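From a predicted model like this one, the values you see are computed outputs, not experimental measurements.
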Amino acid sequence: MSEKHLKFNSKTIHGGQHPDKAYGAVMPPIYQTSTYAQTTPGGHQGYEYSRSANPTRTALENSLASIENGTYGLAFASGLAAMDAVIKLLSPGDEVISTNDLYGGSYRLFKKIFEKFGITFHFIGMQDPGVVEKYINPKTKLIWIETPTNPMMNIIDIKKIAALSKKHGLLLAVDSTFATPYLQQPLDLGADIVMHSATKYLGGHSDVVVGALVVKEKDLADRLYFIQNASGAVCGPMDSFLVLRGIKTLHVRMQRHCENGKAIAEYLRQHPKIEKVYWPGFADHPNHMVAKQQMKGFGGMISFITKGSNYEDAIKIVEKLKLFTLAESLGGVESLAGHPASMTHASIPKEEREKSGVVDALIRLSVGIEDVTDLIADLEQAIA
Ligand SMILES: *Cc1c(COP(=O)(O)O)cnc(C)c1O
């Protein structure tokens with residue numbers, strides 16, 4: 001692709017894109033069609049049936065590949081559908097090593113769906129990459145990491161895990177949803193697959209559910225394209241268009257998410273009623289140095305606990321917030337607050353959850369791009 005030389009802030013707008021061939025439309029048209037006319041059997045213009053490929057989805061897939069410094073992008077009906085395709089690269093008997101502190105739905109997919117098919121998952125803390133090697137055996141095929149982790153904001157050293165993965169001939173997949181390619185590019189750090197819930201920052205407007213994979217190697221891309229077409233959880237043309245539109249402003253949104261995130265993390269930390277704030281930008285965050293190395297900024301995701309609080313207190317605070325909407329999800333322009341124990345992480349058993357720090361009192365914020373003084377005033381009244 002000719003735009004490889006472009007800077008990230010230009011790739012979000014131009015990466016993999018060119019005016020439409022038919023009328024020169026600057027934005028890719030929404031090709032709301034299931035099928036394509038053929039002149040003779042097999043005589044088509046690259047598109048036969050929209051599960052296999054659709055021009056609007058292709059435009060999104062090319063954009064995804066460009067912004068992740070990859071070669072091939074694949075767009076799915078949801079983030080979990082994208083993950084589902086990755087696990088389908090495996091066979092019964094294979095083993096996966098995964099971060100223990102991960103999105104609740106990812107845990108559910110691994111544990112409740114794929115374990116039934118004879119795939120074994122080891123959920124471990126990976127902040128110390130040395131621990132990972134102990135779990136590698138001849139059956140291990142894939143390492144799955146999420147960084148920053150949800151909702152504890154732990155940071156995992158992608159480069160170190162990639163070296164380990166290469167040494168043992170494994171695949172390394174990174175769920176980079178929280179960071180976005182604006183903050184970190186896992187393929188450049190040695191990962192084989194980068195995955196996104198494009199529902200979050202890439203779409204950025206809380207109006208769509210989409211998943212993405214990006215890879216560099218052709219062979220791996222071919223295997224994933226085969227699964228995408230054979231299993232069929234593809235991203236529709238309208239949704240592809242919405243994510244493409246979101247990506248065009250990713251860099252400006254992320255810049256503001258980072259600025260507001262920093263201001264709110266610092267506000268919470270100095271607040272007398274706050275017990276603990278989880279945000280990788282603090283110099284005393286246990287993985288701050290790794291975050292500084294592999295990320296361009298620290299993002300707008302923050303978790304915190306108020307002093308002496310329990311399940312009921314946390315619920316009271318999230319209910320009192322007015323500008324922060326109490327809702328699942330993250331990464332939109334509007335600020336959201338959530339209670340992981342009863343919402344995003346309710347599908348993880350309490351003991352498992354608490355082992356990784358997701359206690360009942362924990363509150364998670366997705367800091368939006370509103371005026372930060374309004375956001376702080378809202379937190380102030382809710383915490384009071
Ligand atoms: C939301 C999310 C997912 C799942 O994506 P969907 O688009 O909801 O299927 C996976 N990983 C992370 C980190 C998420 O936040």
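Under the side chain to side chain contact (heavy atoms under 4.5 Å, CB included) rule, H345 has a single partner from R353, H339, K350, E352, which is R353. Of the listed residues (L102, D101, I156), just one forms a side chain to side chain contact (heavy atoms under 4.5 Å, CB included) with E146, and that residue is L102. Applying side chain to side chain contact (heavy atoms under 4.5 Å, CB included) to K307 and the options K273, H271, E275 leaves one that passes, E275.
Between the CG atom of L250 and the CE atom of M254 there is a distance of 6.5 Å, given to the nearest 0.5 Å. Here CD1 of I302 is found 11.5 Å from NZ of K262. Values are rounded to the nearest 0.5 Å. The distance from the CD1 atom of I136 to the OG atom of S165 is 7.5 Å, given to the nearest 0.5 Å. With rounding to the nearest 0.5 Å, the separation of CD in E217 from CG in D222 is 11.0 Å. Here OH of Y225 is found 10.5 Å from CG of L220. Values are rounded to the nearest 0.5 Å. The OG atom of S91 sits 7.0 Å away from atom NZ of K141, with the distance rounded to the nearest 0.5 Å.
The ring of Y135 has its center closer than 6.0 angstrom to the ring center of H122.
Contact annotation: the side chain of L171 never approaches that of V86 to less than 4.5 Å [non-hydrogen atoms, C-beta and beyond]. Counting only heavy atoms from C-beta outward, the side chains of F117 and D94 never approach each other to under 4.5 Å. I87 is listed as a side-chain neighbour of F121, based on a closest heavy-atom distance under 4.5 Å.
Nearest heavy atom pair, residue L183 against residue C258, reads CD2-SG, 3.8 Å.
Side-chain atoms of S231 and K88 include a donor-acceptor pair closer than 3.5 Å. Side-chain atoms of Y47 and T58 include a donor-acceptor pair closer than 3.5 Å.
In this structure a side-chain-to-backbone donor-acceptor pair under 3.5 Å is missing from W279 to G300. Of the possible polar contacts, one joining the K166 side chain to the G190 backbone as a donor-acceptor pair under 3.5 Å is found. Formation of a donor-acceptor pair under 3.5 Å by the T120 side chain with backbone atoms of G93 is not found in this model. Formation of a donor-acceptor pair under 3.5 Å by the S78 side chain with backbone atoms of V209 is not found in this model. E61 contributes a side-chain N or O that, together with a main-chain N or O of A75, makes up a donor-acceptor pair within less than 3.5 Å. Although no hydrogens or angles enter the test, the distance criterion places a donor-acceptor pair under 3.5 Å between the side chain of Q381 and the main chain of D378. Listed for the Q17 side chain is a donor-acceptor partner under 3.5 Å among the backbone atoms of G15. Between the T149 side chain and the N154 main chain, a donor and an acceptor come within less than 3.5 Å of each other. Without hydrogens or angle criteria, T199 side chain to V210 main chain gives a donor-acceptor distance under 3.5 Å. A distance-only check finds a donor-acceptor pair linking the side chain of Q185 to the backbone of I67 [under 3.5 Å].
Cluster membership for I145 and F298, using ILVMFWY side-chain heavy atoms within less than 4.5 angstrom, is not shared.
Looking at residues two or more places apart in sequence or on another chain, you find no side chain to side chain donor-acceptor pair (under 3.5 Å) involving Y311. Residues meeting the side chain to side chain donor-acceptor pair (under 3.5 Å) test with D20, sequence neighbours left out: Y31. For H168, the side chain to side chain donor-acceptor pair (under 3.5 Å) test picks out E133, with sequence neighbours left out. With sequence neighbours excluded, no residue forms a ring pair (Phe, Tyr, Trp, His ring centres under 6.0 Å) with H285. Annotation: ring pair (Phe, Tyr, Trp, His ring centres under 6.0 Å) contacts of Y201 (sequence neighbours excluded): H257. For K276, the side-chain contact (heavy atoms from CB on, under 4.5 Å) partners are Y278, not counting sequence neighbours. In this structure P19 satisfies the side-chain contact (heavy atoms from CB on, under 4.5 Å) test with no other residue, sequence neighbours excluded. N100 meets the side chain to side chain donor-acceptor pair (under 3.5 Å) test with no other residue; sequence neighbours excluded. Listed by chain and residue number, V174, A179, Q184, P186, V194, H196 satisfy the side-chain contact (heavy atoms from CB on, under 4.5 Å) test with S176 (two or more places apart in sequence, or in another chain). For V372, the side-chain contact (heavy atoms from CB on, under 4.5 Å) test picks out N260, A263, I264, I376, with sequence neighbours left out.
E266 has no carboxylate O lying under 4.0 Å from a charged side-chain N of R269, or vice versa, which leaves the two without a salt bridge. With respect to the salt-bridge test (charged N to carboxylate O, under 4.0 angstrom), the residues R245 and D207 do not qualify.
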Show me the donor-acceptor pairs, under 3.5 Å and distance only, between side chains in residues 315-326 and residues at least two apart or in other chains.
none

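By the 30° and 60° cut-offs, the orientation of the rings of H251 relative to F8 is perpendicular.
Annotation for Y23: hydrophobic cluster partners, listed by chain and number, are none (ILVMFWY side-chain heavy atoms under 4.5 Å, direct or chained).
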*Go through the steps for K248 and T12 under the test side chain to side chain contact (heavy atoms under 4.5 Å, CB included), then give the verdict.*
CA-CA 5 Å; K248 285 181 192 286; T12 53; 5.8 Å; no
